[in-house]
Visitor: 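Below is the structure I would like to discuss, written out as structure tokens.
All chains are named by letter (A, B, ...) in the order of the sequence lines, taking the proteins before the strands, and each is independently numbered beginning at 1.
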Protein chains: 2
Amino acid sequence: MTVVLNTEEKILLAAEEIFVLNGYDGSRMQAIADKANINKAMLHYYFRSKEKLFERIFEEKVLHFFPKIEEDMVHLNTFLEKADLFVERYIHLINQYPYIPFFVVNTINKPNSQGFIEKLPLSLKRSLLASLYADIEKGLIKDIQPFQFIMSLLGMCAFPYLMAPIFKHSFRFNDAEFSDLMILRIAELKRYIRFILLP
Amino acid sequence: MTVVLNTEEKILLAAEEIFVLNGYDGSRMQAIADKANINKAMLHYYFRSKEKLFERIFEEKVLHFFPKIEEDMVHLNTFLEKADLFVERYIHLINQYPYIPFFVVNTINKPNSQGFIEKLPLSLKRSLLASLYADIEKGLIKDIQPFQFIMSLLGMCAFPYLMAPIFKHSFRFNDAEFSDLMILRIAELKRYIRFILLP
DNA sequence: GTCTATAAAAAGATAGAC
DNA sequence: GTCTATCTTTTTATAGAC
């Protein structure tokens with residue numbers, strides 16, 4: 001099945017790749033045009049400016065990923081079930097797009113990132129947090145600090161992708177080996193979560 | 001005590017601040033010159049090029065931080081003691097320079113980052129890993145995956161700093177409050193480590 | 001809508017006077 | 001060593017023909 005892309009779609013696809021890999025500052029409009037097989041003038045015709053094109057990409061990527069992770073989570077009862085699903089979904093999804101964590105970190109840590117930060121959906125974090133509070137209340141899990149635990153959970157899932165270039169270099173992993181390692185990591189993290197949370 | 005800085009020192013101090021905050025691509029030689037209260041020509045007189053100046057800053061920062069964390073760790077016997085010390089040292093140190101994790105992540109994830117990755121000292125990671133293997137062997141700690149655990153340990157310490165803009169925004173923390181939260185995190189992480197590792 | 005050509009501005013780097 | 005002025009290149013953005 002060959003999909004025929006119109007110019008706008010070609011630009012968006014090319015811009016995504018360039019921006020996600022290089023960040024806003026490191027990306028060149030010329031590079032996007034080359035990858036899309038069109039000329040620079042088209043970029044401005046469709047999106048006016050580099051800034052506007054970037055904003056469009058950021059929104060699309062973010063709004064694409066977060067809901068996918070959250071999907072169906074509301075139907076689960078315990079925090080442990082939700083945490084399990086989060087780990088599975090997150091790692092499987094990011095394994096397909098391993099540059100996303102860096103893209104987000106890169107974007108929100110720049111000066112004047114306020115606008116981008118406000119676009120990030122917070123429902124996932126809030127619902128995990130609420131569920132964690134509730135289960136502590138019920139005595140289902142140990143009396144740990146909910147906010148600190150959520151930061152740990154996110155960090156254990158996302159941090160390896162941010163450090164991937166180091167890990168790959170120092171342990172001689174190629175992309176596939178690193179990806180496999182992250183899949184194995186799912187089961188390991190589920191164990192850690194239980195060790196920490198279960199009374 | 002007022003320290004009088006010569007031109008080279010003024011440049012290095014200014015370059016550090018600009019590069020650490022904005023990354024290589026986001027930094028401007030003019031901005032460094034302005035902050036150092038000199039003109040652009042001086043930058044090239046002392047360091048030839050932007051690239052060379054950046055390399056100098058990266059090396060200095062990295063070689064400054066890693067050894068500080070590792071100091072005295074070799075004298076500790078068990079992995080648990082080393083992990084405790086790591087968490088304490090890392091969070092206290094990064095609390096003083098909270099932009100360092102982003103600076104490193106930003107630098108190693110760019111295309112052509114190979115040169116910078118090779119400059120990173122690996123002794124810390126290797127010695128933690130070796131110690132972890134040894135203590136599992138001795139039955140002092142559970143049979144977990146050493147590499148996966150080390151990634152988790154690093155992630156639990158460093159990730160919050162990378163996500164700080166989001167956390168600050170969504171929970172209305174100011175810098176001081178976030179810093180305090182990280183100090184409290186030390187004790188919490190030590191608990192998690194024990195839950196995971198101790199039989 | 002798409003292209004070529006070009007403007008306009010920014011940014012890294014250097015020449016040369018002092 | 002330090003400065004001003006300038007060069008060169010890069011990069012974003014636009015004008016105008018088709």
Side-chain angles (χ1 to χ4, degrees), chain A residues 2-61 103 106-107 109-113 115-116, chain B residues 2-61 103 106-107 109-113 115-116:
Chain A
T2 305
V3 180
V4 178
L5 300 173
N6 63 30
T7 303
E8 183 171 345
E9 292 166 335
K10 283 199 290 183
I11 293 176
L12 285 171
L13 223 60
E16 175 187 323
E17 185 168 339
I18 298 292
F19 278 136
V20 165
L21 240 66
N22 305 286
Y24 179 81
D25 292 323
S27 297
R28 299 290 160 253
M29 295 294 264
Q30 186 63 60
I32 295 172
D34 290 347
K35 189 162 284 288
N37 270 311
I38 45 117
N39 59 67
K40 275 191 298 180
M42 291 276 84
L43 300 180
H44 290 93
Y45 177 78
Y46 279 93
F47 298 97
R48 282 196 69 81
S49 71
K50 180 182 179 183
E51 210 161 335
K52 290 212 191 322
L53 179 53
F54 181 83
E55 282 167 21
R56 172 70 178 271
I57 298 293
F58 185 80
E59 277 179 42
E60 281 195 6
K61 283 284 100 180
F103 180 57
N106 199 12
T107 304
N109 277 282
K110 284 163 46 79
N112 307 322
S113 61
F116 296 111
Chain B
T2 306
V3 179
V4 179
L5 300 174
N6 62 30
T7 302
E8 183 171 345
E9 292 166 335
K10 282 199 289 183
I11 292 175
L12 284 172
L13 223 60
E16 175 187 323
E17 185 168 339
I18 297 293
F19 278 137
V20 165
L21 241 63
N22 305 286
Y24 180 81
D25 292 324
S27 297
R28 298 292 162 251
M29 294 294 264
Q30 187 62 60
I32 296 172
D34 290 347
K35 189 163 284 288
N37 269 312
I38 45 116
N39 57 66
K40 273 193 299 181
M42 292 275 83
L43 300 179
H44 291 94
Y45 176 78
Y46 278 93
F47 298 96
R48 282 197 69 82
S49 70
K50 181 183 178 183
E51 209 161 336
K52 289 211 192 322
L53 179 53
F54 181 83
E55 283 168 19
R56 171 71 176 272
I57 298 293
F58 186 80
E59 277 180 42
E60 282 194 5
K61 283 283 98 179
F103 181 56
N106 199 10
T107 304
N109 277 283
K110 283 163 47 79
N112 306 320
S113 61
F116 295 111

Visitor: Could you state the atom-to-atom distance from CD1 of B:I38 to P of D:dC3 in whole Å?
Guide: 7 Å
Visitor: Rounded off to whole Å, could you give me the CD1-to-C1' distance for the B:I11 and D:dC3 pair?
Guide: 13 Å
Visitor: Please check if the side chain of B:E60 supplies one atom and the backbone of B:I57 the other of a donor-acceptor pair under 3.5 Å.
Guide: no
Visitor: May I have the distance from B:L43 (atom CG) to D:dG1 (atom P), rounded to whole angstrom?
Guide: 15 Å
Visitor: A:N37 CG to C:dG1 P: how many Å, rounded?
Guide: 19 Å
Visitor: Taking only the side-chain nitrogens and oxygens of A:H44, find out if one of them lies under 4.0 Å from OP1 or OP2 of D:dA13.
Guide: yes
Visitor: Can you find a side chain N or O atom of A:Y46 that sits less than 4.0 Å from OP1 or OP2 on C:dT2?
Guide: yes
Visitor: B:N39 has a side chain; which of D:dC3, C:dA13, D:dT12 sits nearest to it?
Guide: D:dC3
Visitor: Look at the side chain of A:M42 and decide which nucleotide, out of C:dC3, D:dC3, D:dT12, has an atom nearest to it.
Guide: C:dC3
Visitor: Step by step, would you call A:I11 with A:L53 a side chain to side chain contact (heavy atoms under 4.5 Å, CB included)?
Guide: CA-CA 9 Å; A:I11 293 176; A:L53 179 53; 4.3 Å; yes
Visitor: Could you give the angle between the helix axes at the two ends of the helix from C:dG1-D:dC18 to C:dC18-D:dG1, with five pairs per end, rounded to 10 degrees?
Guide: 10°
Visitor: Looking only at heavy atoms, which two atoms of B:N39 and B:A33 are closest? And how far apart?
Guide: C-CB, 3.8 Å
Visitor: In residues 51-60 of chain A, which ones come under 4.0 Å of DNA chain D, going by heavy atoms?
Guide: none
Visitor: Please list residues of residues 20-30 of chain B whose heavy atoms come under 4.0 Å from any atom in DNA chain C, ordered by number; otherwise none.
Guide: B:S27, B:R28, B:M29
Visitor: State, to 0.1 Å, how close B:K35 and B:I18 come at their nearest heavy-atom pair, and which atoms those are.
Guide: CE-CD1, 3.9 Å
Visitor: State which of D:dC3, D:dA15, D:dA13 makes the closest approach to the side chain of A:A41.
Guide: D:dA15
Visitor: Aromatic contact between B:F47 and B:F54, with the criterion being ring centroids under 6.0 Å apart: yes or no?
Guide: no
Visitor: Quick one: B:L5 CG to D:dG1 P, roughly how many Å, whole number?
Guide: 16 Å
Visitor: Atom NZ of B:K40 and atom P of D:dT9: how far apart are they, to the nearest Å?
Guide: 15 Å
Visitor: Check this one for me: any side-chain N or O of A:T7 less than 4.0 Å away from OP1 or OP2 of C:dT2?
Guide: yes
Visitor: If you look at every heavy atom in B:K50 and B:S27, which pair is closest and at what distance?
Guide: NZ-O, 2.9 Å
Visitor: Can you name the nearest heavy-atom pair linking B:P111 to A:L21, along with the distance?
Guide: CD-O, 4.1 Å
Visitor: Starting at atom NZ of A:K50, determine the distance to atom P of D:dT12, rounded to an integer number of angstrom.
Guide: 5 Å
Visitor: Using atom CZ of B:F47 as one end and atom P of C:dG12 as the other, report the distance to the nearest whole Å.
Guide: 16 Å
Visitor: Considering only NZ, NE, NH1 and NH2 on the basic side and carboxylate oxygens on the acidic side, decide whether B:K110 and B:D25 come within less than 4.0 Å.
Guide: yes
Visitor: Quick one: does any side-chain atom of B:S49 pair with a main-chain N or O of B:K52 as donor and acceptor, under 3.5 Å?
Guide: yes
Visitor: Answer yes or no: is there a side-chain heavy-atom contact under 4.5 Å between B:I38 and B:L43?
Guide: yes
Visitor: Search all heavy atoms of B:L12 against all heavy atoms of B:R56 and return the closest pair with its distance.
Guide: CD1-NH2, 3.6 Å
Visitor: Indicate the ring-plane relationship of B:F19 and B:Y24, choosing parallel, tilted or perpendicular according to the 30° and 60° boundaries.
Guide: parallel
